[in-house]
Amino acid sequence: MTKEEINHLCQELEHINKNFEQNSYPGHIAPLKQDFNILSLNTPKYYLEVIEEMNDTLRKSRVLFLNAVLDKVCIEEGKFYDFGHPFQAAMNYYAVTKKDGIFYLKDEDGDLREIFSSEEFVTFIDDLYWELYEEEN
């Protein structure tokens with residue numbers, strides 16, 4: 001994203017957030033403000049475009065998160081680090097390794113596949129390795 005695109009996205013987020021109460025309820029639920037004006041809404045297409053931009057940013061953030069965590073896990077290049085229990089997708093993935101700066105998963109056939117950037121895989125990695133980065137600044 002260019003600096004202009006980032007600034008534009010920040011303005012869009014600001015426009016969206018001004019319609020919600022700042023103090024959220026349990027579960028991070030922020031209700032609409034009591035003085036919410038439905039006439040201030042943009043078109044549905046506008047909000048879909050914001051969602052697409054945010055989804056792309058979320059995907060990029062997941063990729064960076066995975067690389068940051070797995071870089072702490074895979075201390076030795078080329079060594080397999082077992083998960084303890086497999087990550088289940090189309091097949092089971094049992095371990096991760098790093099080769100030439102790229103992370104690979106070892107599947108049930110012993111083949112290597114590049115890491116997933118799915119929310120499920122991020123949650124799996126977070127659950128396994130949260131202690132590695134919990135106390136970082």
Side-chain angles (χ1 to χ4, degrees):
M1 289 181 112
T2 66
K3 187 172 185 168
E4 292 80 23
E5 290 171 326
I6 292 170
N7 286 336
H8 179 69
L9 183 58
C10 287
Q11 289 173 350
E12 290 171 341
L13 292 174
E14 205 172 291
H15 175 73
I16 289 169
N17 284 324
K18 74 178 183 181
N19 294 301
F20 293 88
E21 296 291 342
Q22 294 302 311
N23 298 326
S24 63
Y25 293 101
H28 303 288
I29 297 171
L32 287 169
K33 288 185 174 179
Q34 288 188 2
D35 63 351
F36 168 72
N37 180 359
I38 198 156
L39 298 176
S40 69
L41 291 176
N42 282 319
T43 65
K45 182 179 177 184
Y46 167 83
Y47 295 107
L48 283 176
E49 289 171 356
V50 172
I51 290 168
E52 287 176 17
E53 289 178 50
M54 293 301 298
N55 282 336
D56 186 51
T57 302
L58 181 59
R59 182 195 61 78
K60 289 174 183 175
S61 297
R62 285 194 303 256
V63 169
L64 294 175
F65 168 80
L66 289 169
N67 278 273
V69 173
L70 295 178
D71 190 51
K72 293 183 177 299
V73 172
C74 298
I75 297 167
E76 294 179 42
E77 182 123 346
K79 179 180 175 183
F80 285 99
Y81 292 86
D82 293 330
F83 290 139
H85 62 281
F87 172 71
Q88 297 177 349
M91 60 174 40
N92 291 331
Y93 297 89
Y94 293 94
V96 63
T97 189
K98 182 178 179 183
K99 290 188 179 188
D100 300 322
I102 299 173
F103 297 103
Y104 296 95
L105 300 174
K106 181 177 157 186
D107 68 22
E108 58 196 33
D109 296 331
D111 297 325
L112 299 180
R113 175 191 167 98
E114 286 191 35
I115 61 172
F116 301 99
S117 62
S118 68
E119 187 175 343
E120 293 80 16
F121 187 63
V122 167
T123 301
F124 175 79
I125 293 299
D126 183 33
D127 289 346
L128 281 180
Y129 300 117
W130 63 270
E131 291 176 345
L132 288 177
Y133 56 85
E134 182 184 46
E135 295 184 19
E136 290 181 350
N137 293 330

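What you see is a predicted model; the values in this text were computed from it and never measured.
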| request: Kindly give the heavy-atom pair with the smallest separation between T97 and G78, and that separation in Å. | output: OG1-C, 3.3 Å
| message | Let me check something: do L66 and Y133 share a hydrophobic cluster, defined by ILVMFWY side-chain heavy atoms less than 4.5 Å apart, either directly or through other members? | response | yes
| note | Between the SG atom in C74 and the CD1 atom in I102, the distance rounded to the nearest 0.5 Å is 12.5 Å
| Would you say V69 and K72 make side-chain contact, with heavy atoms under 4.5 Å? | no
| remark: CD1 (I38) and CG (L32) are apart, to the nearest 0.5 Å, by 9.0 Å
| Would I16 and I51 show up in the same hydrophobic cluster when neighbours are defined by side-chain heavy atoms closer than 4.5 Å? | no
| K98 versus E77, closest heavy-atom pair with distance | O-CG, 3.1 Å
| request: Of all the heavy-atom pairs spanning T2 and E5, show the shortest one and how long it is. | output: N-OE1, 2.8 Å
| request: Check side-chain hydrogen bond (donor to acceptor under 3.5 Å, both in side chains) between N42 and all other residues, then give those that pass, not counting sequence neighbours. | output: H15
| task | For the pair H85 and F124, name the ring-plane relationship: parallel under 30°, tilted 30 to 60°, perpendicular over 60°. | result | perpendicular
| Sub-3.5 Å donor-acceptor pair from the side chain of D109 to the main-chain atoms of D111, do we have one? | no
| field | Side chain proximity check, D107 to R113, heavy atoms < 4.5 angstrom | value | no
| query | Nearest heavy-atom pair of S118 and R62: which atoms, and what distance? | reply | C-NE, 3.9 Å
| said: Are E12 and E53 packed together at the side-chain level, in the sense that at least one heavy-atom pair is separated by less than 4.5 angstrom? | reply: yes
| If you look only at pairs with a residue in residues 89-108, which of them pass as a ring pair (Phe, Tyr, Trp, His ring centres under 6.0 Å), with sequence neighbours excluded? | Y93-F116
| In one Ile/Leu/Val/Met/Phe/Trp/Tyr side-chain cluster, 4.5 Å: V50, F20 | yes
| query | What heavy-atom pair brings F83 and I125 nearest, and what distance separates the two atoms? | reply | CE2-CD1, 4.0 Å
| Under 4.5 Å between side-chain heavy atoms, hopping through other hydrophobics if needed: is there a path connecting L64 to Y129? | no
| task | Measure the spacing between CD of E4 and CG of L9 and express it to the nearest 0.5 Å. | result | 13.5 Å
| Distance, nearest 0.5 Å, that separates CG of L70 from CG of L132 | 10.0 Å
| Stepwise side chain to side chain contact (heavy atoms under 4.5 Å, CB included) check, L112 with K106 | CA-CA 5 Å; L112 299 180; K106 181 177 157 186; 4.2 Å; yes
| In Å and rounded to the nearest 0.5 Å, what is the CG to CE distance from L13 to M54? | 5.0 Å
| task | Could you state whether F80 and I115 fall into the same hydrophobic cluster, counting links through intermediate Ile, Leu, Val, Met, Phe, Trp or Tyr residues with side-chain heavy atoms under 4.5 angstrom apart? | result | no
| task | Kindly compute the distance separating CG (L128) from OG1 (T123), expressed to the nearest 0.5 Å. | result | 11.0 Å
| query | Is there a side-chain contact between K3 and N7 (heavy atoms, below 4.5 Å)? | reply | yes
| task | Compare every heavy atom of V63 with every heavy atom of N67, then report the nearest pair and how far apart it is. | result | ND2-O, 2.8 Å
| When you look at CD of E119, are more than 12 heavy atoms from neighbouring residues, nucleotides or ligands closer to it than 6.0 Å? | no
